[in-house]
2 protein chains.
Amino acid sequence: MGVKRGRSERTTLVDVASRAGVSAITVSRVLREPEKVSSSLRQRILELIDDMGYVPDQAARALASRHNSTFGVLVPSLTNRAFISFMQGIEERVRDTHFRIQYANTHNSRDEEQRQVKLLMSQNTAGIILAGLEGVEAVNELVRRASCPVVQVVDVGLQTPGVGIAVDHSDAAAAAVRHMIACGYKRIGLVGGSLDERGRRRTDGYSRSMVQAGLYDPNLIHHENATPTTQMGCRLLRRLMRICPDVDAVFCENDDLALGVLFECQRLDKKVPDEFGICGYNDLDFASVTEPPLTTVRIPLFEMGFRAADALVRGVDGRPSEPNTINLGYELIERRTLRRPIGQQ
Amino acid sequence: MGVKRGRSERTTLVDVASRAGVSAITVSRVLREPEKVSSSLRQRILELIDDMGYVPDQAARALASRHNSTFGVLVPSLTNRAFISFMQGIEERVRDTHFRIQYANTHNSRDEEQRQVKLLMSQNTAGIILAGLEGVEAVNELVRRASCPVVQVVDVGLQTPGVGIAVDHSDAAAAAVRHMIACGYKRIGLVGGSLDERGRRRTDGYSRSMVQAGLYDPNLIHHENATPTTQMGCRLLRRLMRICPDVDAVFCENDDLALGVLFECQRLDKKVPDEFGICGYNDLDFASVTEPPLTTVRIPLFEMGFRAADALVRGVDGRPSEPNTINLGYELIERRTLRRPIGQQ
DNA sequence: CTGTTAGCGCTTTCAT
DNA sequence: ATGAAAGCGCTAACAG
C-alpha cells in the first residue's frame with residue numbers, strides 16, 4: 001500500500017449543504033454558532049457532517065475570516081531541556097482554549113530566526129512567542145510591524161516591543177556565585193554551553209561576583225559552543241581541572257552540565273560538597289534527586305511559558321496585557337552540592 | 001506599548017504588482033518560479049517586495065494551490081526525552097527542504113489523538129507522522145482515508161495503513177532481561193511509566209524472559225501512570241525494595257528512570273553493579289557518562305524520526321516509499337551497571 | 001516572458 | 001432562523 005497519496009476529492013461545506021438541502025452558510029453556522037440554527041436542523045446537519053466525514057479546511061477558514069487560531073512559538077533548540085519546561089507552560093495555558101501551537105526551531109541561528117519570524121507572520125498566526133535569541137534589532141523591527149500580539153522572552157533590561165517575559169540572568173548568576181563564595185569556595189569555575197545572550201548575561205553575573213571578591217581568574221571560565229549536555233559537563237570539568245588543578249567548585253549554566261560534573265566528580269573521587277562544590281541552573285526535574293541533591297538556581301521556566309501564552313490569549317481577546325516587561329525572578333535552591341555558608345550552623 | 005494588535009492592512013501580492021506595474025501572477029512567479037521572469041523585472045520586483053515588506057499569505061497559498069508544505073507531527077508528550085530525540089531526527093531530515101513541521105501533543109490521550117489527527121488532516125498538511133499511541137482502529141481508519149502521506153511509528157507486528165517505522169520493543173526488552181539473567185541476577189524488577197502500547201510490549205518482553213528462566217514474580221513489576229522521570233525512578237525503586245527486599249537488579253523502561261534508580265542506589269549505598277544491577281532503555285545522551293556508565297538498550301530514536309520524515313518527503317515527491325513497515329532494530333549497549341555475563345572473562 | 005480568467009472553501013455582510 | 005452575494009489572497013490553466 002505504501003505512502004498514501006489521496007486523489008479523492010475532499011468533502012466540502014457545499015457537499016454537506018446540498019445533501020442537507022440548505023445553503024453552505026447554515027452548515028458553517030452549525031459549526032461556529034450552533035445556537036443560531038434551529039435545533040432540529042442542527043441535529044440533522046451534525047449527523048450528516050459525521051457521516052460524510054466532513055472536516056473544515058483551515059486554510060479556507062483562515063483566509064475568509066482573516067483569523068487563525070494558532071500561536072507560533074519560536075525556540076532556539078529542542079535539545080535544551082530548559083525550553084521543554086517552557087513549552088510545557090505554554091501548552092498548559094493553551095490547553096482547553098481553541099488555540100493550537102506551532103513550534104519552530106531556530107537551531108540557534110539568527111538568520112533562521114528572522115526567516116522563521118517572517119514565516120510565522122505570513123501565516124497570519126494569532127500570536128507569536130519568541131524565545132531565546134533576544135536583542136536583535138531586525139527582529140524587533142519585524143515585531144513592531146507585526147499584525148498580531150507578540151511576546152518575547154527576554155533578559156531584564158532589554159528593550160522589547162510588545163510584551164516581555166523577563167528574568168535577570170545576570171543577577172541570578174551573580175547571587176548564586178556570591179553564595180558559593182559565602183560557602184567558602186575560592187577557586188570557582190564556570191562551565192557553559194553556547195554563548196547566546198542569556199549565557200553571556202550569566203557569565204557576566206559570575207564575573208561580577210568573582211571580581212568583587214577579588215577571586216576572578218579568566219582561566220576558570222570554560223565554554224563550548226553547543227547545546228549544553230551532560231556529556232559536555234564531563235568534558236568541561238576535565239578541561240577545567242587540567243587548566244586549574246586547584247579549582248574547588250563550579251557554577252554550571254545549566255543543570256544538565258551540572259549532572260555531568262557531578263558524575264565526573266564521582267569518577268575522580270572528589271567528595272561533593274566538602275572537597276568540591278557544584279551549583280546548577282534551572283532546577284530541572286532531576287535536580288532534587290541526584291546524590292547529593294543539586295543546589296541550583298530555579299528559573300520559573302514553566303511559569304514563563306504559561307505567562308507568555310496567557311499574554312497572547314488575552315491579547316487576542318482584546319484585553320491587551322500590561323504594556324511592558326514582566327520580571328518573573330529567580331530563586332536559589334539550597335540543596336547539598338554546596339557546603340553550608342560559613343557562619344551558618 | 002503592550003501586546004500589539006495590528007490593524008494595519010496587510011501588503012498583498014496585488015499591492016506589489018500594481019506598484020510594479022505588472023500583474024499579480026508575475027509577482028507570484030518571481031517568488032515561486034523566478035526563472036520564468038526576466039531578470040531585470042525580477043530584480044525590480046524583488047526590491048519592491050523587500051521595501052514594502054510583503055510576505056505571502058500561506059493560507060491563501062494553500063487554498064489556491066491545494067498544497068501545504070507543512071508536516072504534522074503528533075507525539076504523546078513533550079516531556080519524554082525519547083520523543084525529543086525522535087523529533088530531532090525529523091528536523092534533521094526536513095531542514096533544507098521547504099517543509100515546515102507542526103508539532104501537536106496528545107498528552108497521552110486517545111481522544112486527543114483522534115481530535116488532533118482530524119485537525120491535522122483538515123489543515124491539508126503535506127504529510128503526517130503519528131507516534132506513540134499506535135494500534136487504534138479509529139485512527140487507522142482516518143489514516144486510510146487521509147489525503148496525504150501518513151507515517152506511523154509502531155511496534156513490529158502491528159498492522160498499519162501507510163508506512164510504518166517499527167521497533168520490536170517486546171523483543172528488545174526480552175533480550176535485555178535475558179542478558180541480565182545471564183549476568184547472574186535473579187530477582188530482577190521492572191520499573192516503568194505509563195502503560196501505553198510500547199510500555200506494555202516492553203513489559204511483555206520482560207515477563208517472557210523471566211518466565212522462561214523460572215524467575216517470574218509479579219511483585220517485581222512496578223509502574224506509575226505518568227511520563228517517566230528521574231524522580232519517578234527513585235520512588236519506584238524504593239517501592240520495589242519495600243515489597244521485594246531481595247531484589248538484586250532492575251530493568252528500567254527508560255533511561256530517565258534508570259538515572260533515578262542509580263542515584264537511589266548511591267543513597268542506599270548499594271554497589272552497582274556488584275550488589276545491584278541496572279539496565280536502562282533508549283540510550284539517551286547522558287547514559288554513557290553516568291558513574292558507572294549505564295548499560296542500556298539503544299533504540300534508534302533519531303533515525304526513526306529521520307526515516308519517518310524521509311518517507312514523507314519522498315511520498316510527497318511522488319516516489320512513495322516501500323509499501324510496508326521498516327524495522328529499525330535495537331542494540332544492547334553493555335556498559336558498567338551490570339556485571340559481566342557469567343562465564344565471560 | 002507576461003497576462004487573463006477562474007476559482008480554491010470558507011466567512012462576511014446584508015437581506016429576508 | 002436562513003440565505004445570496006461577494007470576496008479573502010493567492011495560483012492553475014490557458015492564452016498570447
Asker: Between atom CG in A:L41 and atom C1' in D:dT2, what is the gap in whole Å?
Answerer: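 Rounding to the nearest Å, CG of A:L41 and C1' of D:dT2 are 9 Å apart.
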Asker: Kindly compute the distance separating OG1 (A:T106) from CD (A:Q114), expressed to the nearest 0.5 Å.
Answerer: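 So the gap between those two atoms works out to 12.0 Å.
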Asker: Counting the atoms with a prime plus P, OP1 and OP2 as sugar-phosphate, which does B:T26 contact under 4.0 Å by heavy atoms, base, sugar-phosphate, or nothing?
Answerer: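 Answer is sugar-phosphate: B:T26 comes under 4.0 Å of backbone atoms only.
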Asker: Parallel, tilted or perpendicular: which one describes the rings of B:F71 and B:F99, with boundaries at 30° and 60°?
Answerer: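 The rings of B:F71 and B:F99 lie parallel, inter-plane angle below 30°.
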Asker: Is B:Q58 touching bases, backbone alone, or none of the nucleic acid, heavy atoms closer than 4.0 Å?
Answerer: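 Nothing, no nucleic acid heavy atom in range.
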Asker: The side chain of A:A60 lies closest to which of these nucleotides: C:dG9, C:dT2, D:dC10?
Answerer: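 Of C:dG9, C:dT2, D:dC10, C:dG9 is nearest to the side chain of A:A60.
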Asker: Using 4.0 Å as the upper bound for N to carboxylate O, is an ion pair formed by A:R44 and A:E47?
Answerer: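 A salt bridge is absent here (no side-chain N lies under 4.0 Å from a carboxylate O).
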Asker: Please write out the pairs of protein N or O atoms and N or O atoms of nucleotides 12-16 of chain D separated by less than 3.5 Å, giving the distance to one decimal.
Answerer:
unit_1: D:dA12; atom_1: OP2; unit_2: B:R32; atom_2: NH1; d: 3.0

Asker: Can you tell me how far C1' of D:dT11 sits from CG of B:L63, to the nearest Å?
Answerer: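 Distance, rounded to whole Å: 10 Å.
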Asker: With a 4.0 Å limit, can you tell me whether A:S28 has a side-chain N or O closer than that to the phosphate oxygens OP1/OP2 of C:dC10?
Answerer: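 Checking A:S28 against C:dC10: no side-chain N or O falls below 4.0 Å of OP1 or OP2.
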Asker: From CD of A:Q43 over to P of D:dA1, roughly how many Å is that when rounded to an integer?
Answerer: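 Going from A:Q43 (CD) to D:dA1 (P), I get 16 Å.
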Asker: Could you tell me the separation between the NZ atom of A:K36 and the OG1 atom of A:T26, rounded to the nearest 0.5 Å?
Answerer: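 Going from the NZ atom of A:K36 to the OG1 atom of A:T26 covers 12.0 Å.
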Asker: Is A:R115 salt-bridged to A:E112, cutoff N-O under 4.0 Å?
Answerer: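 Answer for the salt bridge query: yes.
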Asker: Given C:dT2, is OP1 or OP2 found less than 4.0 Å from the side-chain N or O atoms of B:S38?
Answerer: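 Checking B:S38 against C:dT2: at least one side-chain N or O falls below 4.0 Å of OP1 or OP2.
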Asker: Looking only at atom types and distance, does a side-chain atom of A:S77 sit under 3.5 Å from a main-chain N or O of A:N80, one as donor and one as acceptor?
Answerer: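 A pair under 3.5 Å: yes.
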Asker: Whole-Å distance between D:dG9 C1' and B:L31 CG?
Answerer: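 Rounded to whole Å, this separation is 13 Å.
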Asker: Looking at A:D310 and A:R314, is any side-chain nitrogen of the basic one under 4.0 Å from a carboxylate oxygen of the acidic one?
Answerer: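 The answer is yes: the pair qualifies as a salt bridge.
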Asker: Mind calculating the distance between CG (B:N68) and P (D:dC10) to the nearest angstrom?
Answerer: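 Checked: the CG to P distance equals 15 Å.
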Asker: Calculate the interatomic distance between A:R61 atom CZ and C:dC8 atom P; express it in whole Å.
Answerer: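 Going from CZ in A:R61 over to P in C:dC8 covers 18 Å.
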Asker: Nearest whole angstrom, please: distance from the C1' of C:dG9 to the CG of A:D57.
Answerer: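 Distance, rounded to whole Å: 6 Å.
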